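Throughout, protein chains are lettered first and strands after them, A, B, ... in sequence-line order, and every chain is numbered starting at 1. Note that the structure is a prediction, hence the values are computed from the model and not measured.
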Amino acid sequence: MSKDYKDSLCLPKTQFPMKANLTTREPQIIEKWEKEGLYGKIMEARKDAPVFAFHDGPPYANGHIHLGHALNKILKDIVVRSRILMGNKVYYRPGWDCHGLPIELAVEKEHGKKVHGLDIHEFRNFCKGYAEKYIDIQREEFKRLGLLGDWENPYRTMEFDYEAEIARSFIECFLKGYVYKGLKPVQWCIRCQTALAEAEVEYEDHASPSVYVAFPFEVEERAKWPEALKGFDASAVIWTTTPWTLPANLAIAFHPDFTYVAIKTKDRVYVVAEELMEIFLRETGVSGTVEGKFKGKELDRLYFRHPFYDRKSVGLLAQYVTSEQGTGCVHTAPGHGQEDFISGLKYGLEILCPVDGKGNFVEDLPLFGGQNVFEANQKVIQLLKDKHALLKSSTVHHSYPHCWRCKNPLIFRATKQWFISLEHDNLRRRSLEAIEKVQWIPAWGRNRIYGMIENRPDWCLSRQRKWGVPITLLSCDKCGEWVKDRKFFDNVVKAMEERGAGVWFEADPSGFLPENFACPKCGGKKFNAEQDILDVWFDSGVSHKAVLGKNPDLPWPSELYLEGSDQHRGWFHTSLLTSMILDDKAPYKSVITHGFTLDGQGRKMAKSMGNVIPPSEVTKKYGAEVLRLWVSMVDYRDDVRLSWDLLNQNAEAYMKIRNTIRYLIGNLNGFDPEKDKVPVEKMLEMDRYILYLFNRLIPKVVKAYDDYAFHIINRELLQFCTVTLSSFYLDIIKDRLYCSGEKSVERLSAQSVLYLVLVKMLKLMAPILPFTAEEAWGYLYGENAAPIHAEVFPEAFVEEDPAVIERWDKLREVRETVNKALETSRQKGEIGKSLEAKVVISVKDGGALSLLKQYEKILPEVFIVSQVEVLEGEDPVVVVPLEGAKCPRCWNVPVGFVKAGEDELCPRCAEVISKLS
RNA sequence: GGGCCUAUAGCUCAGUUGGCUAGAGCGCACGCCUGAUAAGCGUGAGGUCGUUAGUUCAAUUCUAACUAGGCCCA
């Protein structure tokens, strides 16, 4: 029985725990970062460095963060951290969007009826408190993900100076002539006499009249009619469930690509869409024959006679015309419907709305003046019947919008609203031109936002709400002229800076007028103040004004915006428009979008589906690093999937990386880089080979950071750890590390590689795995070392020898063949571990033969076998199980033994032992 | 219904301007090791490249339609 030689080996040794215990360790590291002021230290270290301007899009201050937030903010954090390691100064100032309807609704829900009794200031205070509460909650949730930034000083759209900036920006838009007041249909409750937002609408079953109405073609234009109609006096038939809107009818919409048919009955000719003809005939009981067909586009701008007023109704084309119900000829009243309104704008129609806030027709409306709209339904139907315009009248039950407060049915009613004109000063065209100058990542983002800006209607800015920044305009009571006095606006903005946007509601805003101000138009002295507030999209849309350019570290324009792809319609869009108005330039140079988070099956995450994974549960179960690793694994430009299964996969990948790091640290035990580092040119060739491979990895990873292609980094780092290091290099050098003399050149050479790789690799992964990088950094350099997060990325650091790389790539191929042969032998039960084998390689190819001959001495090490013989011949690889005794120290089966004390050891071990004593 | 986008092994990704038997890692299966041990190593099985048509000598790659999914409109 030979003695135990374990003590004579240099086995890996470290306190770096194998078990990450992220759920408890991460919060400790975060606390440490805060305590030592890590972010301040980094900013200090980059004091004179070039600034990378990055602007945070503000999440809405409502509710807990969800996975989408986590994805977004972790991506941003990887950007921030990687740019810092590229040597830039990056000031990340997080923001929150604080105003708006969802918070108002939440406050109303929270406080119940009590809220209705509150005056506007008390109500706004409740809203403010609510937003603050959720900012605090979200801030903690974000910090838990390891996000680096100025969390003590975020920007908040409800901050007084921010509110003042919103007002100032709006005033600029107004004074530059972009802002006008126009009509727009909104959901309206005639009982509460108020506009309702979509979120306040409840859909319930409702019984409505259903009528088919004929609109005769204008006979005077017969020449322009489709051929099929020319011989007849034809009528287009519309279908509606709101007969009371017929007095406001100004148009009939057709689908340009639908086929329409002329149906001849015994006394008239009706036009309906071919696809809906059958339903039409069945519903109305009309019978007739098809006399001809034509496309909807032939009806563009033809005129029809209104069934009971002496006026025309124009034919227009619209994509929204459906072939699922109705007749394919859609009654259009621009004052009473969203789509009707859009079409009305497009065709230059009046936004006619002869209905007041109580739901009564205005007094001067012929035939129905003063009547309630719902009660007027039957009278309209009767009138249609009298005019022989009614084909059929019945009742339908369908889902219809109701007021969530009083539960009464709503109507669509045009109301006066403030708009930003897309045409004023060529805003639309200039914006489109600006889009071309921005780099969109991925590239299709350009098409998406371009199409939206190209086709969007004017921006409706006003909301009949309380929690927001008021539209600070006054109109003359006498002549209606809007006050454009600079001094007045300055006073308003100044007051807001001091006391917040609420000042507008405190007293009569006329008080902000200069003394003795009179209307320049009529000399009037009495003014009325607007009570509406601004769309919250305007708030966040001017963040570039309120946040950028006020601090040298956060300049305007921003280098980068990074948000979900829904923001092409949202923040990117509104920011662009306001910036074009205010500065005639986009506020960003490049824009990155990421996709949405879906479940493991690629389905949307929803409470009702039970597939929601809250970030807090991920950090609780796995830790932020695992979530961050997931973010870096997926190609975020497309939608991304997350499931517990996927997290598990990432937890294992994390363990692989962590164990590799741990092993490197463990084997560097006792290694003093100052004294022990072997210069590259004196290293063993295999060690240099690994260094070359790692050397190639560095620029690849740094470039991927620069390109924001994080999933490439994930793959490259993980593969380097598993393939190059763990299964190849580390496995091979075990013998050298453990069994060679502690300070032998063989061992120090390998340790030098481990050291270089570890230090540089930690920096490369620090943006993705900041906690782990920091933890390992501490084991290398001690707890008080300069933080890894203020380091810079490594650069390629050795001159590669391509011949070495080529030779070793080839040797690795041979190694694979040898492994297959060993496995076969193992399956046969001839050997267990590979050290029990001798390998005989026979090759014919001259080049390969000389290569193997050249390396014959170290091949046992490379293949992790005891002996290797290289022959010229045809048999590729023969595995010979070795029966002989193994060296009790290194477990190799040597060709010959050497006496060392009481035992026989292999020559190498004998020498090492002899030097020990 | 419209605009934009996506679809390659169970999962996450590669696949240069169309051209060898479509790759990797993970997972899985089987095995080895017990001196990285709640670790490490080896081997292997998995793909009609969403479907269908078209262009071409040749299509995962180009075109169209369809299907499924996502975002934004309506």
Please work out if [X] contacts a base, only the sugar-phosphate, or nothing of the nucleic acid, heavy-atom cut-off 4.0 Å.
X        : answer
A:Arg641 : sugar-phosphate
A:Tyr663 : base
A:Leu598 : sugar-phosphate
A:Arg446 : nothing
A:Val321 : nothing
A:His568 : nothing
A:Thr322 : nothing
A:Gly595 : nothing
A:Ser643 : nothing
A:Trp630 : nothing
A:Gly832 : sugar-phosphate
A:Lys734 : base
A:Glu339 : sugar-phosphate
A:Met655 : nothing

With rounding to whole Å, what would you report as the distance between [N] and [M] at their [atom1] atoms?
N      : M      : atom1 : result
B:rG69 : B:rG50 : C1'   : 11 Å
B:rG23 : B:rU16 : P     : 14 Å
B:rU34 : B:rG15 : C1'   : 40 Å
B:rA45 : B:rA59 : P     : 27 Å

Rounded to whole angstroms, how far apart are [atom1] on [X] and [atom2] on [N]?
X        : N      : atom1 : atom2 : result
A:Asp735 : B:rA36 : CG    : P     : 12 Å
A:Gln827 : B:rC41 : CD    : C1'   : 14 Å
A:Glu652 : B:rA39 : CD    : C1'   : 12 Å
A:Leu664 : B:rG40 : CG    : C1'   : 14 Å
A:Asn819 : B:rC41 : CG    : C1'   : 9 Å

Nearest to side-chain heavy atoms of [X], which nucleotide of [options]:
X        : options                : result
A:Ser727 : B:rU12, B:rC71, B:rG42 : B:rG42
A:Lys833 : B:rG10, B:rC33, B:rC71 : B:rC33
A:Phe596 : B:rG42, B:rG40, B:rG70 : B:rG70
A:Asp731 : B:rG40, B:rG44, B:rA24 : B:rG40
A:Val723 : B:rA36, B:rG25, B:rG42 : B:rG25
A:Ser565 : B:rA14, B:rC71, B:rG70 : B:rC71
A:Gln719 : B:rU12, B:rG25, B:rA39 : B:rG25
A:Gln649 : B:rG40, B:rG70, B:rC11 : B:rC11
A:Arg826 : B:rG35, B:rG70, B:rC32 : B:rC32
A:Arg662 : B:rU37, B:rA14, B:rA36 : B:rU37

When you measure from the side chain of [X] to the backbone of [Y], do you find a donor-acceptor pair of N or O atoms at a distance under 3.5 Å?
X        : Y        : result
A:Asp599 : A:Gly602 : yes
A:Trp440 : A:Ile449 : no
A:Gln439 : A:Val591 : no

Please name the nucleotide paired to [N] by Watson-Crick or G-U wobble geometry with both distances under 3.5 Å, or report none.
N      : value
B:rU37 : none
B:rC4  : B:rG70
B:rG54 : B:rC62
B:rC30 : B:rG42

**Prompt:** For the rings on A:Tyr260 and A:Phe254, is their centre-to-centre separation under 6.0 Å?
**Reply:** yes
**Conformer about C1'-N of B:rG46 - syn within 90° of 0, anti elsewhere** = syn
**Message:** Checking side-chain polar atoms at under 3.5 Å, does A:Glu746 have a donor or acceptor matched by the opposite partner on A:Ser740?
**Reply:** no
**Message:** For the residue pair A:Tyr654 / A:Arg658, report whether a side-chain donor-acceptor contact shorter than 3.5 Å exists.
**Reply:** yes
Ignoring hydrogens and angles, answer whether the base of [N] and the side-chain atoms of [X] contain a donor-acceptor pair closer than 3.5 Å.
X        : N      : answer
A:Gln319 : B:rG2  : no
A:Arg448 : B:rC71 : yes
A:Thr660 : B:rA36 : no

**Item:** side chain to side chain contact (heavy atoms under 4.5 Å, CB included) assessment of A:His255 paired with A:Tyr320
**Value:** CA-CA 7 Å; A:His255 196 290; A:Tyr320 58 76; over 6 Å; no
**Asked** If you take all heavy atoms of A:Met605 and A:Ile613, which pair is closest and at what distance?
**Response** SD-N, 3.8 Å
